[in-house]
*Asks:* 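What follows is a single structure, and I will ask about it in a moment.
Convention: sequence-line order gives letters A, B, ...; per-chain numbering from 1.
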Amino acid sequence: MPAAPQFKSEFLRNFAERGAYYDCSGPEELDALFQKERVTAYIGFDCTADSLHVGSLVQLMTLRRLQQAGHKPILLMGGGTTKAGDPSGKDEARQLLSNEQIEANKQSILSGIRHLLKFGDGPSDAILVDNAEWLDKLEWIAFLRDVGRHFSVNRMLTMESVKLRLDREQPLSFLEFNYSIMQAYDFVELYKRYGCRLQSSGSDQWGNVVSGIDLGHRLANVQLYGLTTPLITTASGAKMGKTAAGAVWLNAARVTPYDYWQFWRNTEDRDVGRFLRLFTDLLLAEIGRLEALQGAELNEAKKTLATEATAILHGRANADAAAETARRAFEEGATAAGLPTIVAMLPEGVLNLAVAAGLASSNSEARKLIANGGLKLNDVVVSDPKLAVAVSALNADGVLKLSAGKKKHVLVKPA
RNA sequence: GGGGGAGUGUCCCGAGUGGCAAAGGGGGCGGACUGUAAAUCCGCUGACUACGUCUUCGUUGGUUCGAGUCCAACCUCCCCCA
């Protein structure tokens, strides 16, 4: 990672101090620009799923901090680029999505991150743009002549996203090959439409960002800038945001505020300070105090991290509720009402209950869980896979608690 | 267009001689130890009406009592020659 320069502008200084800085195309000039005027900057996301996940959070936080510093963020939804599919980091082409699906994904993604940014007409309010607006209308020959001639296939072949696919001997369609051209074109188009001078992205998009800057010179005779964030990994080297259940999604429909809170609560010791800086709005002085905590005391910092990060995404009320549920469940050992809950007909076999509760994905897995002593019913280890859970197992609150391991608890209510 | 090589457990990498639910890693899950951490150790890691049954090795057929393993065609990728 390049060393972060000493920035003078409020935004870049804060950005770097928080560990979000990876690289920049023209650090001094951009720093000067940030001091001089309100900068319009964008980050793009494709609509390949109905939710973004934690891997995109650094980028979203970049927009948030831009806005906090009084600049103008553009959230670019890739309604057009999604139709091509970004080959970066993927072994094979994504299945093509229908236009309806893309549109639905776009709406869903937006609803999931509405707490992160303030949209509107104010000077530093975020605006939402969809690149389908211009990409859909392009004409093949005209586009090739105006834009395509500025791209060297030789160089495109050396781009990381393309090379990976070729090295792995996986097919790369011409459609996907064009992705980086579209992204470069987006940048210039956003400059023309909104005066957007900066594209921020993850470091894996560097090649595409640079292509856009280059295209800016050629098509609009303007100096554009790129600013990238590092790929966030955990201290043990794993890519962040991959857990048991798969990706940590931002939409509450996929990952509830409670589970999201738990994700942050389970941060490794060594990551606490770094994550507090990256993913919360807490002041650096306060973060310094929190990360200095030693041993088990660090758990307090993790709770703060969990609550603050959850509040940014899901709102303060949901974050506090998640914290309280966790406190009751883990610190009092109570069957906190806020735990995930399912409704089931009793009596029912434990295997079916475990599956219904999402604690196992199949009966076989539930059996294995039991065989390993990992399934508990009201905090008592279940040893018999044939156990039929009857109404008599309900506790005083009229529910029963089913647990897989020490951390996953689900309440079962009788139908 | 011709010649050669490759595609393995739907997370990844990867052994595999006709008897294979298929070696070994990584990852993941569970257990022990802890602090809802890391590291370490142990177990599990295709499904089901479960001492048995069913489905898996690019696709589709074929040979065989029996096929991931042999044959044919097709799909995809890599290399060499044109």
*Asks:* Expressed as a whole number of Å, how far does the C1' atom of B/G24 sit from that of B/C74?
*Replies:*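 33 Å, rounded to whole Å.
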
*Asks:* Could you measure between the two P atoms, the one in B/A39 and the one in B/C29, and give it in whole Å?
*Replies:*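 Per the computed distance, 12 Å lies between those P atoms.
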
*Asks:* Tell me the partner of B/C70, counting only Watson-Crick (N1-N3 plus N6-O4 or O6-N4) or G-U wobble (N1-O2 and O6-N3) with both under 3.5 Å; none if nothing fits.
*Replies:*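 B/G62 - that is the nucleotide pairing with B/C70, both distances being under 3.5 Å.
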
*Asks:* Does the gap between the ring centers of A/Phe143 and A/Tyr185 come in under 6.0 Å?
*Replies:* yes

*Asks:* Under 3.5 Å for both donor-acceptor distances, Watson-Crick or wobble: does B/U56 have a partner, and if so which one?
*Replies:*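 Answer to the pairing question: none, since B/U56 forms no Watson-Crick or G-U pair.
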
*Asks:* Please confirm whether any donor atom in the side chain of A/Arg270 sits under 3.5 Å from an acceptor in the base of B/A37, or the reverse.
*Replies:* no

*Asks:* In whole angstrom, give me the gap between the P atoms of B/G7 and B/C71.
*Replies:*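 Rounded to whole Å, the distance is 14 Å.
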
*Asks:* Write down the partner of B/A21 under the Watson-Crick or G-U wobble criteria, each distance required to be under 3.5 Å.
*Replies:*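 Its partner: none found.
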
*Asks:* Between the base of B/U45 and the side chain of A/Glu365, is there any donor-acceptor pair under 3.5 Å?
*Replies:* no

*Asks:* Between A/Lys302 and A/Asn266, do the side chains contain an N or O donor and an N or O acceptor separated by less than 3.5 Å?
*Replies:* no

*Asks:* Please report the distance, rounded to the nearest Å, between CG in A/Asn372 and P in B/U45.
*Replies:*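 That distance rounds to 9 Å.
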
*Asks:* Compute the ring centroids of A/Phe330 and A/His409, then answer whether they are less than 6.0 Å apart.
*Replies:* yes

*Asks:* Report the base-pairing partner of B/G7 (Watson-Crick or G-U wobble, both distances below 3.5 angstrom), or none.
*Replies:* B/C75

*Asks:* Is the distance between the ring centroids of A/Phe34 and A/Phe7 under 6.0 Å?
*Replies:*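 So the answer is no for these two rings.
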
*Asks:* Determine the contact category for A/Ser364: base if any of its heavy atoms lies under 4.0 Å from a base atom, sugar-phosphate if only primed atoms, P, OP1 or OP2 are that close, otherwise nothing.
*Replies:*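 Result for A/Ser364 = base.
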
*Asks:* Is the glycosidic angle of B/C20 within 90° of 0, making it syn, or outside that range, making it anti?
*Replies:* syn

*Asks:* For B/C44, give its Watson-Crick or G-U wobble partner with both distances under 3.5 Å, or none.
*Replies:* B/G28

*Asks:* Counting only side-chain N and O atoms of A/Lys406, is one of them less than 4.0 Å from OP1 or OP2 of B/C33?
*Replies:* no

*Asks:* Can you check whether A/Phe275's main-chain N or O pairs, donor with acceptor, with A/Asp271's side chain at less than 3.5 Å?
*Replies:*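 No, A/Asp271 side chain to A/Phe275 backbone: no donor-acceptor pair under 3.5 Å.
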
*Asks:* Would you measure the distance from the C1' atom in B/C81 across to the matching atom in B/U63 and give it in whole Å?
*Replies:*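 About 35 Å, rounded to a whole number of Å.
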
*Asks:* Got a salt bridge between A/Lys368 and A/Glu365, using NZ or NE/NH1/NH2 to carboxylate O under 4.0 Å?
*Replies:*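 Answer for the salt bridge query: no.
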
*Asks:* Rounding to an integer number of angstrom, what distance separates B/C65 and B/G58 when you compare their C1' atoms?
*Replies:*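 My reading of the C1' atoms in B/C65 and B/G58 gives 28 Å.
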
*Asks:* For the C1' atoms, the ones on B/G5 and on B/U10, what distance do you get once it is rounded to whole angstrom?
*Replies:*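 To the nearest whole Å, 25 Å.
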
*Asks:* When the distance from CZ of A/Arg265 to P of B/A38 is rounded to whole Å, what number comes out?
*Replies:*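 Atom CZ in A/Arg265 sits about 11 Å away from atom P in B/A38.
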
*Asks:* Given atom CZ of A/Arg367 and atom C1' of B/C48, what is their separation to the nearest angstrom?
*Replies:* 8 Å

*Asks:* On RNA chain B, check which nucleotide each of A/Thr267 and A/Lys368 is closest to and give me the residue with the more 5' one.
*Replies:*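 Whichever sits nearer the 5' end wins; that is A/Thr267.
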
*Asks:* Whole-Å distance between B/A50 C1' and A/Leu387 CG?
*Replies:*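 It works out to 17 Å between those atoms.
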
*Asks:* For A/Gly405 and A/Asn352, find the nucleotide of RNA chain B closest to each by heavy atoms; which residue's nucleotide sits nearer the 5' end?
*Replies:*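 On the 5' side of the pair lies A/Gly405.
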
*Asks:* Would A/Tyr22 and A/Trp206 count as a close aromatic pair, with their ring centres under 6.0 Å?
*Replies:* no

*Asks:* Let me know the distance between CG of A/Leu369 and P of B/U45, rounded to the nearest Å.
*Replies:*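 In whole Å, B/U45 P and A/Leu369 CG are 13 Å from each other.
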
*Asks:* Answer with base, sugar-phosphate or nothing: what part of the nucleic acid does A/Trp264 contact at a heavy-atom distance below 4.0 Å?
*Replies:*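 Nothing: the residue A/Trp264, judged by heavy atoms under 4.0 Å, touches no strand.
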
*Asks:* Roughly how many Å apart are B/A50 and B/A21, using the C1' atom of each and rounding to a whole number?
*Replies:*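 Between the two C1' atoms, the distance is 15 Å.
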
*Asks:* From the set B/U36, B/G30, B/A37, return the single nucleotide nearest to any side-chain atom of A/Asp269.
*Replies:* B/A37

*Asks:* Rounded to whole Å, how long is the line connecting atom CZ of A/Phe263 with atom P of B/U36?
*Replies:*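 Interatomic distance, CZ of A/Phe263 to P of B/U36: 18 Å.
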
*Asks:* Any strand is fair game: report the nucleotide pairing with B/G1 by Watson-Crick or G-U wobble, both distances under 3.5 Å, or none.
*Replies:* B/C81

*Asks:* How many whole angstroms separate atom NZ of A/Lys407 from atom P of B/G28?
*Replies:* 12 Å

*Asks:* With rounding to the closest Å, how many angstrom separate the C1' atoms on B/G68 and B/G16?
*Replies:* 8 Å

*Asks:* Just N and O in the side chain of A/Asn363: are any of them under 4.0 Å from OP1 or OP2 of B/U49?
*Replies:* yes

*Asks:* Could you give the CG-to-C1' distance, from A/Leu293 to B/G35, as a whole number of Å?
*Replies:*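 Distance, rounded to whole Å: 13 Å.
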
